[in-house]
Amino acid sequence: MLSLSKHFSNHSLLFLYTFRLAQCNKKAILAFILIGLLSTVNAQQKKKENKMLVGRLELSNKEYKSAIEKFNEIISSDSLNYEAYYYRGFAKVELSDLIGAEEDFSRAIYLRPRFIETYIIRASIRDRLQDYQGAFDDFQQAIRLDSTNSDIYLNRAITYNYLQNYEEAVADCNTALYFHNNKELVYTIRGMSYLGLKKYREAIKDFNLIIKNDPRKANTYVRRATAYYYLIKYDSALVDINKALHLEPDNSYAFFQRAMVYNKIEHQNEALTDLNNVIELAPNSTSAYYNRAGIYLEQEDFQKALEDYNQVILLNSKNILAYYNRALVYQRLKKPKAALKDIEKAIGLYPDFVDGYRLRADLKQQLGDYKGADFDLQTADIINESKLNITDSLKQQEELFIAKVTSFSGGQVNKNVEQINNHEIALVNPYYISLLASTKHKRIIDSWNKKNESFTAYFLLNDQDDDISETLKKEKLKTLNDKINLDLFNGELYLKRAVTNASLGYYDKAILDFNKSLHLDADNYMAYFGKANILYQIASKSETNDSYALEDVIKEYNKCIELNPNFAYAYFNRAYLKFQNEDYIGAINDYSEAIKYSPSFGEAFLNRALILLILESNDQACSDLSKSGELGLTQGYALISKYCNN
């Protein structure tokens, strides 16, 4: 009998989180596979022309776009060159172009159909594209070519494990071991599969082998802790998790698992602390928000529970458990209509949701719809009876469907994210201040300086707006130099010169002037805003994607907002940086603040909509797109035709 309990078991949630975060990072696994396979091919390659050698060198140096250009040139002159497709496929994988990579490896297979490694690679790509039948076809063809190749069985075990076919995964791991594949990954996958089969002692044996070979890998301790958790050996679980945190103090996976143990032994305050740590380290962790909401619900802190369930739904709009439990919160808050709306959404996602019908019956009774309540109770009974004689195959299909609608991971390919990554749609860039602007750009802000008791007008521009000649900028700089020589202790003048130096690309001088301005007038919020702007410009010009540099910029915006909590552009810019750090919830909250203080801020509506599209909250996104179009941003309407009319 398949029925969902009132709050869903922590038991199941713990395994789901363990499975998704610890084992099923498919991109990491695929990268691991590719690195290993690249090394095996090199020795057998004949000497290639210069372009091929250069392309492969660029590939090894992570210059993927340049490498693709070299391989393109080779293919244009020799469309039968196997290696060009093969290596271009690797480059596309690294650029997350999985569809293009799959096409290249397919062409490589056509040109050299007996090269086993290419089938393994394409199978792993098809796995990530959720073409599981295609992946299994590739594994089977590879086995036909060489049934003793252990890597085939290892990679097929990964796919079986992801699909929760744990018996098959264990069998393939055993076959890989039989053919002398003693990679740590074999024991990891088998151990995780044993967890899925509830064979916890066998799982511990595999994790013990890994720890004996490499005692400094934190995640292995957490996986073993999961097995101890299921065996109700909470003390042993805590010892392992604490060891993991000693090795990796910022391991969000370990904090989450420890929170689950603390919650089980009724140390709820400690559990909340650990879940807070998870959310700080991984702001988009739906599992952390969901479990924290459950604790708040038990503590009858309904408002906090509601906020966390809101975040879960924002991150995963197809999770029936979040709607179900939010309905419970609304019911406790005596808001039966809101509760009814949520439970109807859950039933719409999973029409056989027995507990959903029962809760809806209860809500309908509260609203005086007794006939509707009786009908829902009858429906729940019919669903239960229909499942008494369900076949094993149908039961497995339903279990997979339930896993999908109760998932707390973002395992599915989000086409909206791909569109944004391909720059088909893009966020509006942050704004920066300037003393000069062309006549067509009239966005102006008057900044009040407390110390001077006067207003200063600044133009707000973004990257598309800077069309001021360098001559005008240098003339402005000369004027400011003269004024500063006459008034050396005027912080506003240093701020203006800093802005002008920044516009000329004199970043070192600009930073010195910003610091001087803040030294003379520490309460000038616009100086923090300007300094944040230039730090971001410097960070964005760097070839490395340094999240720490972005955090430093965010700190400057934080200071600006502390001094002027109503400054919409500071929230707007900070949101963009949070988006770049993949803190989507934080970015949405900041864009909401920008809209709160500037209700006609069309760019904030647009950017918030694009992030909502990433999170697949299309209904909310389409509302924002409509508003942005209404406020004059024509791209808002263009996006509506693509994402809101299906």
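All of these numbers come straight from a predicted model, not from anything done at the bench.
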- Name the orientation class of the two ring planes belonging to Y86 and F90 (parallel below 30°, tilted from 30 to 60°, perpendicular beyond 60°). perpendicular
- Note on the structure: Smallest heavy-atom separation, Y200 atom then A227 atom, equals O-CB, 3.9 Å
- Going through the checks in order, is the side chain to side chain contact (heavy atoms under 4.5 Å, CB included) test met by I588 and K578? CA-CA 9 Å; I588 286 172; K578 288 182 177 180; over 6 Å; no
- Query: Going by heavy atoms in the side chains, are Y309 and E307 under 4.5 Å from each other?
  - Reply: no
- Query: Stepwise, does the side chain to side chain contact (heavy atoms under 4.5 Å, CB included) test hold for D342 with L328?
  - Reply: CA-CA 9 Å; D342 269 354; L328 291 176; over 6 Å; no
- Query: To the nearest 0.5 Å, what is the distance between CZ (R190) and CG (L154)?
  - Reply: 12.0 Å
- Carefully, step by step, assess F255 and N276 under the rule side chain to side chain contact (heavy atoms under 4.5 Å, CB included). CA-CA 9 Å; F255 279 120; N276 291 339; over 6 Å; no
- Taking Y323 for the side chain and S317 for the main chain, is one N or O donor matched with an acceptor at less than 3.5 Å? yes
- Query: Measuring from T220:OG1 to L209:CG, what's the distance to the nearest 0.5 Å?
  - Reply: 11.0 Å
- Could you tell me which non-hydrogen atom of Y221 sits nearest to which non-hydrogen atom of A244, and how far apart they are? CB-CB, 4.1 Å
- Query: Are V170 and Y160 close enough, and set up right, to give a side chain to side chain contact (heavy atoms under 4.5 Å, CB included), and what steps lead you there?
  - Reply: CA-CA 9 Å; V170 169; Y160 276 135; over 6 Å; no
- Looking at side-chain heavy atoms only, is the closest gap between Y229 and K264 below 4.5 Å? yes
- Interatomic distance, S252 atom OG to L281 atom CG [nearest 0.5 angstrom]: 6.0 Å
- For atom CD of E280, is the number of surrounding heavy atoms from other residues, nucleotides or ligands below 6.0 Å larger than 12? no
- Task: Could you tell me whether the side chains of N219 and N251 share a donor-acceptor contact shorter than 3.5 Å?
- Result: yes
- Message: Under the criterion ring pair (Phe, Tyr, Trp, His ring centres under 6.0 Å), I'd like the reasoning laid out for Y228 against F207: C-alpha separation, chi angles, the key distance, then a yes or no.
- Response: CA-CA 11 Å; Y228 284 133; F207 299 141; 9.7 Å; no
- Lys/Arg-Asp/Glu bridge criterion (N-O < 4.0 Å) met for K92, D104: yes
- Query: If you measure only the distance, is there a donor-acceptor pair under 3.5 Å linking the side chains of N165 and E168?
  - Reply: no
- Aromatic ring pairing F115/Y82, orientation class (parallel under 30°, perpendicular over 60°, tilted between): perpendicular
- E184/K217 salt bridge by N-O under 4.0 Å criterion: yes
- Between R112 and T118, a side-chain donor and acceptor under 3.5 Å: no
- Item | For S193 against A169, the heavy-atom pair lying closest together | OG-CB, 3.3 Å
- Message: Would you say that I313 contacts N319 through its side chain, given a criterion of any heavy-atom pair below 4.5 Å between the two side chains?
- Response: no
- Would you check if there is a donor-acceptor pair between the side chains of N325 and Y290 at a distance under 3.5 Å? yes
- Note on the structure: Correct closest heavy-atom pair for V329 and A305 would be CG2-CB, 4.2 Å
- From CD1 (I116) to CG (D138), nearest 0.5 Å: 12.5 Å
- Message: For L177 versus Y187, what's the shortest heavy-atom pair and its separation?
- Response: CD2-OH, 3.4 Å
- Do the side chains of Y253 and S285 get nearer than 4.5 Å, heavy atoms only? no
- Hey, could you give me the OH/OH distance between Y296 and Y289, rounded to the nearest 0.5 Å? 11.0 Å
- Indicate yes or no: does R258 engage E270 in a salt bridge with an N to O separation below 4.0 Å. no
- Main-chain N/O of I120 paired with S124 side-chain donor or acceptor, under 3.5 Å: yes
- In this structure, are over 12 heavy atoms from other groups packed under 6.0 Å from R144 atom CZ? yes
- Query: Under 3.5 Å, is there a donor-acceptor pair between the N316 and T286 side chains?
  - Reply: no
- I279 side chain near R292 side chain, heavy-atom distance below 4.5 Å: yes
- Decide, yes or no, whether a salt bridge links K183 with D151 under the criterion of side-chain N to carboxylate O below 4.0 Å. yes
- Item | Side-chain H-bond candidate by donor/acceptor type, N581 with E551, under 3.5 Å | yes
- Item | side chain to side chain donor-acceptor pair (under 3.5 Å) between D137 and Q133, worked out | CA-CA 6 Å; D137 289 345; Q133 188 56 55; 3.0 Å; yes
- Query: Is L185 close to I158 at the side-chain level, that is, under 4.5 Å between some pair of heavy atoms?
  - Reply: yes
- From CA spacing to verdict: ring pair (Phe, Tyr, Trp, His ring centres under 6.0 Å), F136, Y132: CA-CA 6 Å; F136 285 125; Y132 301 118; 7.5 Å; no
- Query: Going from OG1 on T159 to CZ on R128, what distance comes out if it is rounded to the nearest 0.5 angstrom?
  - Reply: 12.0 Å
- Message: Donor-acceptor pair, distance only, cut-off 3.5 Å: does the side chain of D127 make one with the backbone of A123?
- Response: no
- So, do Y110 and F105 have ring centers that fall under 6.0 Å from each other? no
- Answer yes when E102 and R126 have at least one side-chain N-carboxylate O distance shorter than 4.0 Å, and no when they do not. yes
- For the residue pair Y324 and F353, is the inter-centroid distance of their aromatic rings smaller than 6.0 Å? yes
- Message: Ignoring hydrogens and geometry beyond distance, is a side-chain donor-acceptor pair present between N149 and E117 at under 3.5 Å?
- Response: no
- Query: Any side-chain heavy atom of N310 within less than 4.5 Å of one from L314?
  - Reply: no
- Item | Taking every non-hydrogen atom, the tightest pair across L195 and R223 | CD1-O, 4.3 Å
- Message: Within the 4.5 Å heavy-atom criterion, are I295 and L275 side-chain neighbours or not?
- Response: yes
